[in-house]
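These notes concern the structure reproduced below.
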2 protein chains.
Amino acid sequence: MSRQVSETENDHGAADEFVPDYLLYLLAAASESASAQFHAQVRKAGLRVPEWRVLACLSDRDGTMITQLARVALAEQSRLTRIIIQMEDRDLVIRRSDPKDGRRVRVFLTEKGREVVSVLVPMARQHEASLLELLRTNEGATLKPALKSLLAALEENGKKEFP
Amino acid sequence: MSRQVSETENDHGAADEFVPDYLLYLLAAASESASAQFHAQVRKAGLRVPEWRVLACLSDRDGTMITQLARVALAEQSRLTRIIIQMEDRDLVIRRSDPKDGRRVRVFLTEKGREVVSVLVPMARQHEASLLELLRTNEGATLKPALKSLLAALEENGKKEFP
DNA sequence: CTAAAATATATGATTTTTCATATTATTTGG
DNA sequence: CCAAATAATATGAAAAATCATATATTTTAG
């Protein structure tokens, strides 16, 4: 005899359903859900998510060009151009065209941008640690390597199709 | 002596960088990258991504209400309302208010919607299989369980904060 | 050396998305 | 039973994202 289940009670993963076991759903949902809390902190710091990503990327490599920033920030080029302009208006970054290649625009952290990112990166690290603590140790240990493998394999795969 | 590395050559994961080893980046990037090819097929089928997600969700549970669809399709409620209206205009779904609770709008697949999803789900399954083949077997086997654990843990966590 | 192709960024116009809030319906506490 | 609280959906206005394409620069082929 099966008990009555309320409509709103979410019984994820019911036996034979497609979505709850579908890799692309799991990836997107995990990304969304895992990011939610930290992204709320990002917004409290007065940044939008792609802006935080830009700052983080620049803290790794100052002077990255727009196209590369777009890749890492997972945003379209034309969108990233506008985001960078807005960030420049708020004195978070400055743009300088590359002397070796005038097409390229290199983006650098300002002092203010550096301060902001120096607060956020430690927060991100701490949040990541708390996420990994949620997982049983063995799963936590495999998740990142598996994602990296997947990304690397997809990149290889992409190269094959456009050689 | 280290060789000269071109600017555009993406040397992911350089020793001491933050972003390439950051879980939220890996999740978002893996989700994006893994989805890209299949989502291109979805668009060729004349659907936007959230529309495909709605159809997939309805093929699991016909008559799901807007709020629940929004959760699974990872879209905001007001956006999903509009998406459903557009899908109704294209005769992919129909809406019926719940007789037991007049606030709820239940969404059902039409014959046409059922046909579309019956083509796309097998494509999705095949694409998923090809993704998992890209991973070394042991990693492929751990990825989905790890993502599910993470999602489950995050859900538990969320409940604690709003009891 | 030069014309054509490729690359990097910017921009205008349109479409999406979001945010706040209105509307309608149900539940709950007194 | 009623008033207030809660819940589900809809909607208008504003912000953001996308698409196609323009502009500027560098590379490549001949």
Side-chain angles (χ1 to χ4, degrees), chain A residues 6-10 28 32 35-36 39-40 42-44 46-54 57 63-90 93-108 162-163, chain B residues 6-10 28 32 35-36 39-40 42-44 46-54 57 63-90 93-108 162-163:
Chain A
S6 107
E7 190 74 42
T8 42
E9 200 176 312
N10 45 5
E32 273 269 302
S35 304
H39 286 177
V42 167
R43 280 184 287 271
K44 272 181 200 155
L47 297 175
R48 288 174 300 174
V49 172
E51 294 174 332
W52 142 247
R53 287 176 174 157
V54 163
C57 179
T64 301
M65 55 192 248
I66 303 266
T67 310
Q68 291 176 2
L69 288 173
R71 269 195 270 283
V72 179
L74 306 171
E76 251 218 341
Q77 176 267 313
S78 71
R79 190 186 164 196
L80 202 23
T81 290
R82 290 183 230 254
I83 285 172
I84 294 296
I85 291 170
Q86 295 169 347
M87 290 176 79
E88 190 166 43
D89 291 344
R90 285 186 284 148
V93 300
I94 54 174
R95 301 187 294 164
R96 282 174 27 211
S97 91
D98 186 327
K100 305 274 174 98
D101 185 339
R103 294 169 299 182
R104 297 179 172 181
V105 172
R106 298 203 167 274
V107 184
F108 297 87
F162 310 104
Chain B
S6 108
E7 189 76 41
T8 41
E9 199 175 315
N10 46 5
E32 274 268 303
S35 304
H39 287 177
V42 167
R43 279 184 287 272
K44 272 181 201 156
L47 297 175
R48 290 175 299 173
V49 172
E51 294 173 333
W52 143 246
R53 287 177 174 157
V54 163
C57 178
T64 301
M65 56 191 246
I66 303 266
T67 310
Q68 290 176 3
L69 288 172
R71 270 196 269 284
V72 179
L74 306 171
E76 253 218 340
Q77 175 266 314
S78 71
R79 189 185 165 199
L80 201 23
T81 289
R82 290 184 231 254
I83 285 173
I84 293 297
I85 291 170
Q86 294 168 348
M87 291 177 78
E88 189 166 43
D89 291 344
R90 285 186 284 147
V93 300
I94 53 173
R95 301 187 293 165
R96 281 173 28 210
S97 91
D98 186 327
K100 304 273 176 102
D101 184 340
R103 294 169 301 183
R104 297 179 173 180
V105 172
R106 300 205 165 271
V107 185
F108 296 86
F162 310 103

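Because the structure is a prediction, the values reported are computed rather than measured. Below, chain A is the first sequence line, B the second, and so on; all start at residue 1.
For the pair A:Thr81 and C:dA10, the criterion of a side-chain N or O lying under 4.0 Å from OP1 or OP2 is met. Note on B:Arg95: a side-chain N or O is less than 4.0 Å away from OP1 or OP2 of D:dA10. One finds no side-chain N or O of A:Arg103 lying less than 4.0 angstrom from the OP1 or OP2 phosphate oxygen of D:dA24.
Remark: C1' of D:dA8 and CD1 of B:Ile85 are 14 Å apart, rounded to the nearest angstrom. Counting to the nearest Å, the P atom of C:dT7 and the CG atom of A:Asp98 are 17 Å from each other. A:Gln77 has its CD atom 7 Å from the C1' atom of C:dA10, to the nearest Å. If you take CD of A:Glu76 and P of C:dT16, they are 14 Å apart, rounded to a whole angstrom. B:Ile66 has its CD1 atom 17 Å from the P atom of C:dT24, to the nearest Å. Atom-to-atom, CG of B:Leu80 to C1' of D:dT11 comes out at 15 Å; the value is rounded to the nearest Å. Rounded to a whole Å, the CD1 atom of B:Ile83 is 12 Å from the C1' atom of C:dT18. For the pair B:Arg79 CZ and D:dA13 P, the interatomic distance rounds to 21 Å; values are reported in whole Å.
Checking A:Arg43 against B:Gln86, the closest nucleotide of DNA chain C that is more toward the 5' end is the one next to B:Gln86. Ranked by how close their nearest DNA chain D nucleotide is to the 5' end, A:Arg82 and A:Asp101 are led by A:Arg82.
Here the nucleotide nearest the side chain of B:Val105, chosen from C:dT9, D:dT25, D:dA10, is D:dA10. Minimum atom distance to the side chain of A:Ser78 is reached by D:dC19, of the listed D:dC19, C:dT9, D:dA8.
Two residues are said to be in side-chain contact when any heavy atoms from C-beta on lie closer than 4.5 Å; B:Val107 and B:Ile94 fail this criterion.
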Problem set entry | Steps toward side chain to side chain contact (heavy atoms under 4.5 Å, CB included) verdict (B:Ile83, B:Arg48) | CA-CA 9 Å; B:Ile83 285 173; B:Arg48 290 175 299 173; 4.0 Å; yes
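In this structure, B:Glu88 contributes its side chain and B:Arg95 its backbone to a donor-acceptor pair below 3.5 Å.
No more than 12 heavy atoms of other residues, nucleotides or ligands sit less than 6.0 Å from atom CZ of B:Arg96.
The residue B:Arg48 sits close only to the backbone: its heavy atoms come under 4.0 Å of sugar-phosphate atoms, none of a base.
A donor atom on one side chain and an acceptor atom on the other are not found under 3.5 Å apart for B:Gln68 and B:Arg106.
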